[in-house]
Amino acid sequence: MKEQPKTRITVDIYGQQYSIVGTESSSHIRLVASIVDDKMREISAKNPTLDTSKLAVLTAVNIVHEYIKLKDEYDRLLRKMNKEKDDDSDD
């Protein structure tokens with residue numbers, strides 16, 4: 001099995017430089033970093049006294065919360081779609 005080529009890119013997240021390596025495109029990695037940076041800045045604006053470690057943890061908690069909500073909605077829609085498909089095949 002051929003291994004996918006890795007992309008190495010340096011991104012800025014909350015004023016810090018990070019070198020990220022992955023198989024995704026550089027534009028995808030930049031998008032992910034931008035979303036994390038935006039979320040950190042959003043949370044920091046509401047909680048300016050947080051140190052960077054606590055800010056990073058709260059950012060992770062918020063992003064995972066959003067992910068779980070989206071995954072639950074996706075699963076709900078998938079079940080609904082499968083139910084409708086089953087209902088159509090019963091006709």
(request) Scan for side-chain hydrogen bond (donor to acceptor under 3.5 Å, both in side chains) pairs involving residues 61-72, sequence neighbours excluded, and state none if there are none. (result) K39-E66, K71-D75
(request) Quick one: which residue pairs count as a side-chain hydrogen bond (donor to acceptor under 3.5 Å, both in side chains) with a foot in residues 9-21, not counting sequence neighbours? (result) R8-S19, D12-Q17, Y14-S44
(message) Hydrophobic clusters here meaning ILVMFWY residues chained together by side-chain heavy-atom distances under 4.5 Å, can you tell me if I13 and I63 are in one?
(response) yes
(message) With rounding to the nearest 0.5 angstrom, report the CD to CD1 distance, E42 to I35.
(response) 12.0 Å
Listing, residues 47-60 side-chain donor-acceptor contacts under 3.5 Å, not counting sequence neighbours, or none:
unit_1, atom_1, unit_2, atom_2, d
N47, ND2, I43, O, 3.1
D51, OD1, S53, N, 3.1
D51, OD1, K54, N, 2.8
T59, OG1, L55, O, 2.8

(request) Applying side chain to side chain contact (heavy atoms under 4.5 Å, CB included) between Y74 and each of L70, L77, L78, report the one that passes. (result) L78
(request) Not counting sequence neighbours, which residues clear side-chain hydrogen bond (donor to acceptor under 3.5 Å, both in side chains) with R76? List them please. (result) E73
(message) Taking side-chain hydrogen bond (donor to acceptor under 3.5 Å, both in side chains) as the definition, give me every residue that meets it alongside S26, ordered by chain and number, with sequence neighbours left out.
(response) none
(message) Restricting to non-hydrogen atoms, name the atom on E24 and the atom on T7 that form the minimum distance, rounded to 0.1 Å.
(response) O-OG1, 3.1 Å
(message) Are H28 and V32 packed together at the side-chain level, in the sense that at least one heavy-atom pair is separated by less than 4.5 angstrom?
(response) yes
(message) Restricting to side-chain hydrogen bond (donor to acceptor under 3.5 Å, both in side chains), what partner residues turn up for R41, sequence neighbours left out?
(response) D37
